[in-house]
There are 2 protein chains.
Amino acid sequence: MPRVKITEVAREAGVSLSTVSRVMNGNPTVDPVLAERVREVAARLGYTANPLARSLVLGRTQTVSVVIPDLANPTFQAILRGLSHAAAKDGYHVLISDTEEQVHEEREIATTTRRRTDGVILCAPRMPQQELSALLPGIAPAVVINRPPLAEAPTVSADYGVAITELIDHLRGLGHTRIVFLSGAVASASGEARLRAITAATRADAELEVVEIPAGVDFDSGAAAADAVLASGSTAVLAFNDLVAMGLLSAVTARGIRVPDDLSIAGFDGIPFAAYTTPPLTTAAVPAAELGRSAWAAMHALLSGEEPRADETFAPAVVIRESTGPAQH
Amino acid sequence: MPRVKITEVAREAGVSLSTVSRVMNGNPTVDPVLAERVREVAARLGYTANPLARSLVLGRTQTVSVVIPDLANPTFQAILRGLSHAAAKDGYHVLISDTEEQVHEEREIATTTRRRTDGVILCAPRMPQQELSALLPGIAPAVVINRPPLAEAPTVSADYGVAITELIDHLRGLGHTRIVFLSGAVASASGEARLRAITAATRADAELEVVEIPAGVDFDSGAAAADAVLASGSTAVLAFNDLVAMGLLSAVTARGIRVPDDLSIAGFDGIPFAAYTTPPLTTAAVPAAELGRSAWAAMHALLSGEEPRADETFAPAVVIRESTGPAQH
DNA sequence: CTGTTAGCGCATTCAA
DNA sequence: TTGAATGCGCTAACAG
């Protein structure tokens, strides 16, 4: 495929390559007659400027890199989707990097991909705050997803704390006083927000007791936690996310436990499938696609030299379905 | 962030820029002492070659573009994930484009992104064969996913026909003779493969009757088809995919129908969630991540000047769960 | 073994 | 308004 280049168009149209360049970029200081001729020739030859060459000279690639921890996680998928659509609408391309939960590689991946793009949108829930702050100046412009506000870059987040609080209120309203929290195994920003909200809730409510049981972030960890949950004597469970909730739901159901009669289970994230379990899962719906869109909006502002809006947070909507019910005593 | 460039390293190390270039690219024809000095300076200055400049001169970007129809579809997500991981392992980046099911834009998107990358991996199930064949030469090297073998590019596919056949055999073994097939609304390559397998099955089995009911490809279309399915008087349903099956399962259950006692339902694709419905879904598990890996392998071969393996096809594994059971007469 | 030179394809000064 | 020249940052001939 010997691609046609600007010089050929220039020769064919009988003008200099600068004129072709001007026409292709819509520079109005070109004689309309010449411009038309150039356009005709360009169309006939199927000419389009080489984006690599443009990138080199212009210093921008019309591409942003998105770094996420796990492409298998429905929430990150939804973030990517919202982001990708929004970026495409603005004529930008997306370079995707899945760090596969390798926290210690996030830094290098972000730095490396940044050099091929105009900025990076970073989703790194487990990266230590110090490392994150040290990393950001080197990859600016950057936008960070689901982390507490930062001095070095705008953030876009879901409010995990308020969602957990509402979920607890919901369970309390149903009479549950002893609740299990299935926490993610490794510390993450959103995990800490959850924990803080739980601590605040138990402080404010003398009758409430929350038992933390460490688990993972997927189906299997939810299922694996079933025995510990049942042994805890709790009447309700707050799962780290919907995947964990679904794994648990499946495992306890297999043990003959009735949900929600014997045990209430609430998930987190609001993935589409949560509506299709039996019983359908009560959960806090994180507006993941919206997070993605918003992250792009912030990046777009940064790239346009505008001031991005202050750190944005979205409140997840608690969706009450049938996996939670009155406590049985 | 004023990035350090090769000339500064050269000056600082007291050598010419070509020497620096040689050292950075591991060219052995450099005095070890000089090489070491250059490396030391480069490290101290934090120098890394500008990938854009390299791309321009080398004519390769170390990036491939992946074009898929819908990032919200679990199967495409899994393909992307397998592909992305495999490419990363080989030091390649992935530029992702979601065409959002806009069939008429796939051509332009593929062509546009191709210019920023070294090749495109195309997943375009609905693009007319003619258009596809016309498109491919212009974007070579290309690899096509889930389409019949092509003259213009290697393909990597799941064998939808054999999977449907096995699913029908399974249902026939359970005594079902009147089966609904919930077909996707729009023609797609894999949809046609399903249809061909169904036609072959009914031809070979005089007692078997398959009723095609057009539906979409998501939850809602499955739910919306519930009444038509029940009115058909069939005892079993073959859904276009797991999403449709889940929507249908949910809707018929809400109508008091017992699955599989009153109605057997089989899905397709084997998305993770299919194991967590009630009852768990019988399905044909398409090895999507494997498809992605394999597509990358083919692309990698193409990029390395090797002959890619012939068109590869993977047989989905039929997973029998509890949503299918003996026919009741 | 090392340095000098010439592009890669384009946008953009600067003169004319 | 247009063209000639310069450079984006780098690699790869080509000499030395």
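Residue numbers start from 1 in every chain, and the chains themselves are labelled A, B, ... in the order their sequence lines are given, proteins ahead of strands.
- Checked by atom type, the side-chain pair A/Glu312/A/Ser294 shows a donor-acceptor distance below 3.5 Å.
- For the pair A/Leu58 CG and C/dT13 C1', the computed distance is 14 Å after rounding to whole Å.
- Salt bridge annotation for B/Glu290-B/Arg293: present, with a cationic side-chain nitrogen under 4.0 angstrom from a carboxylate oxygen.
- Base engagement by A/Val57 is indicated by at least one non-hydrogen atom pair under 4.0 Å involving a base atom.
- Note: CG (B/Asn27) to P (D/dA12) measures 9 Å, nearest angstrom.
- Residue-level contact check: A/Leu34 touches the backbone only, with heavy atoms under 4.0 Å from sugar-phosphate atoms and none from bases.
- The phosphate of D/dC10 has OP1 or OP2 within less than 4.0 Å of a side-chain N or O from B/Tyr47.
- Residue B/Asn25 has a polar side-chain atom (N or O) positioned under 4.0 Å from OP1 or OP2 of D/dT11.
- Along DNA chain C, the nucleotide nearest to B/Val15 and the one nearest to B/Leu56 differ in position, and the one closer to the 5' end is contacted by B/Val15.
- Using a 4.0 Å cut-off between charged side-chain N and carboxylate O, A/Glu106 and A/Arg126 make no salt bridge.
- A salt bridge links A/Arg39 with A/Glu36; the closest basic N to acidic carboxylate O contact falls under 4.0 Å.
- Between B/Thr29 and the phosphate of C/dC1, there is no side-chain N or O to OP1/OP2 separation shorter than 4.0 Å.
- When the side-chain nitrogen and oxygen atoms of A/Thr19 are compared with OP1 and OP2 of D/dG3, one or more of them lie within a distance under 4.0 Å.
- If you find the closest nucleotide of DNA chain C to B/Arg115 and to B/Ala35, the one lying nearer the 5' end belongs to B/Ala35.
- Proximity of A/Arg54 to the phosphate of C/dC10: no side-chain N or O atom is located under 4.0 Å from OP1 or OP2.
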